[in-house]
Enquirer: 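I am attaching a structure below and will ask some questions about it afterwards.
The shown structure was predicted, so the numbers you read here are calculated from the model rather than taken from an experiment.
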Amino acid sequence: MFGNVNVDYKPCKSAVQLDRAAKYILGNLPEQYEKGIVKTRPDLVWEQYCTRDRFADHIMLTRALFCKRDTPKTNLAFKMSISFHPDDNDKLTYEEVFKIAQEFAESFFKDYEVLFAVH
């Protein structure tokens, strides 16, 4: 369908990292505001089993409900980036990328909290 797709992920090991990852995804970090960076349109943000403004709280609550213990090595979540090859940039609309990301999330993370945005 498309050329090379790159998937990169990094673990979030604390509620602070979770919150910062969500704010980055949504473009809500203070430094993004200061620089006037607009990461995405509101209609290109999707959440599953959580709300976009309380993503970290939802994950921590789920862990508490299931009596999950956290250690410094615990991965609470992963911040993933899916990038398409530059040759495909003119072939995809933001809406098409959103649909691809949504189908990916629904297929691979169907029972988990998910937050994503198309940039």
Side-chain angles (χ1 to χ4, degrees):
M1 180 168 149
F2 298 104
N4 295 330
V5 175
N6 182 45
V7 178
D8 183 32
Y9 61 94
K10 294 182 177 33
C12 294
K13 295 184 177 279
S14 70
V16 171
Q17 285 182 333
L18 285 171
D19 187 54
R20 186 158 174 83
K23 286 179 178 171
Y24 170 79
I25 289 166
L26 298 170
N28 292 338
L29 290 174
E31 55 268 29
Q32 291 169 319
Y33 281 126
E34 290 168 11
K35 294 178 181 175
I37 296 171
V38 178
K39 292 294 283 183
T40 193
R41 299 184 332 229
D43 63 311
L44 295 175
V45 176
W46 185 75
E47 61 271 336
Q48 173 175 282
Y49 302 124
C50 62
T51 58
R52 60 185 72 180
D53 297 325
R54 304 295 305 264
F55 178 69
D57 294 336
H58 284 274
I59 289 178
M60 298 310 289
L61 179 60
T62 298
R63 293 188 64 73
L65 287 171
F66 288 94
C67 300
K68 298 287 184 174
R69 293 184 22 214
D70 301 331
T71 68
K73 294 183 179 186
T74 300
N75 292 329
L76 302 175
F78 288 92
K79 182 174 110 177
M80 296 181 70
S81 299
I82 301 173
S83 305
F84 293 90
H85 192 276
D87 290 345
D88 292 328
N89 283 346
D90 295 334
K91 298 176 187 172
L92 293 164
T93 66
Y94 287 112
E95 292 78 14
E96 289 170 325
V97 172
F98 180 88
K99 182 130 178 80
I100 291 167
Q102 185 177 21
E103 288 173 2
F104 177 83
E106 288 173 337
S107 295
F108 292 97
F109 305 112
K110 65 180 181 173
D111 295 326
Y112 296 92
E113 292 96 343
V114 175
L115 173 67
F116 77 77
V118 176
H119 307 152

Enquirer: More than 12 foreign heavy atoms under 6.0 Å from NZ of Lys13: is that the case here?
Expert: yes

Enquirer: Which class fits the ring pair Phe116 and Phe98: parallel under 30°, tilted 30 to 60°, perpendicular over 60°?
Expert: tilted

Enquirer: Do Ile59 and Tyr9 belong together in a cluster built from hydrophobic side chains that touch within less than 4.5 Å?
Expert: no

Enquirer: Within a 6.0 Å radius of atom OH on Tyr94, are there more than 12 heavy atoms belonging to other residues, nucleotides or ligands?
Expert: no

Enquirer: Any chain of hydrophobic side-chain contacts (each under 4.5 Å) joining Phe84 to Phe108?
Expert: yes

Enquirer: Look up atom CD1 in Ile37 and atom CG in Asn28, then write down how far apart they are to the nearest 0.5 Å.
Expert: 12.0 Å

Enquirer: Tell me the closest heavy-atom pair linking Lys79 and Ala21, and the distance in Å.
Expert: CD-CB, 3.7 Å

Enquirer: Kindly work out whether a path of hydrophobic side-chain contacts (I/L/V/M/F/W/Y, heavy atoms less than 4.5 Å apart) joins Met60 to Phe66.
Expert: no

Enquirer: Can you find a pair of side-chain heavy atoms, one from Ile100 and one from Leu92, that are under 4.5 Å apart?
Expert: yes

Enquirer: Surrounding CZ of Arg63 (heavy atoms of other residues, nucleotides or ligands, distance under 6.0 Å), is the total greater than 12?
Expert: yes

Enquirer: Listed by chain and number, what are the salt bridge (Lys or Arg N to Asp or Glu O under 4.0 Å) partners of Glu95, not counting sequence neighbours?
Expert: Arg41

Enquirer: Excluding sequence neighbours, so at least two apart, what forms ring-ring contact (aromatic ring centres under 6.0 Å, His included) with Tyr33?
Expert: none

Enquirer: How long is the span from the CG atom in Leu26 to the CZ atom in Arg52, to the nearest 0.5 Å?
Expert: 7.0 Å

Enquirer: With rounding to the nearest 0.5 Å, note down the distance linking CD in Glu106 to CH2 in Trp46.
Expert: 4.5 Å

Enquirer: Can you tell me how far the NZ atom of Lys99 sits from the OG1 atom of Thr93, to the nearest 0.5 Å?
Expert: 11.5 Å

Enquirer: Quick one: pull up CD in Gln48 and CG in Leu115 and give me the separation to the nearest 0.5 Å.
Expert: 11.0 Å

Enquirer: Can a donor-acceptor pair be found, under 3.5 Å and without considering hydrogens, that links the side chain of His58 to the backbone of Val114?
Expert: no

Enquirer: Restricting to non-hydrogen atoms, name the atom on Glu47 and the atom on Cys50 that form the minimum distance, rounded to 0.1 Å.
Expert: CG-O, 3.1 Å

Enquirer: Quick check: closest heavy atoms across Tyr49 and Tyr112, and the distance to 0.1 Å?
Expert: CD1-O, 3.3 Å

Enquirer: With hydrophobic residues grouped by side-chain heavy-atom distances under 4.5 Å, do Met80 and Leu18 end up in a single group?
Expert: no

Enquirer: Using every non-hydrogen atom in the two residues, find where Ala15 and Leu76 come nearest and quote the distance to one decimal.
Expert: N-CD1, 3.8 Å

Enquirer: If you measure from CG on Asp53 to NZ on Lys23, what distance do you get to the nearest 0.5 Å?
Expert: 9.5 Å

Enquirer: Group every Ile, Leu, Val, Met, Phe, Trp and Tyr by side-chain heavy-atom contacts under 4.5 Å, then state whether Leu44 and Ile82 land in the same group.
Expert: yes

Enquirer: Measure the acute angle between the ring planes of Phe109 and Phe104, then classify it against the limits of 30° and 60° as parallel, tilted or perpendicular.
Expert: perpendicular

Enquirer: Can Lys10 and Asp8 be counted as an ion pair, charged N to O under 4.0 angstrom?
Expert: yes

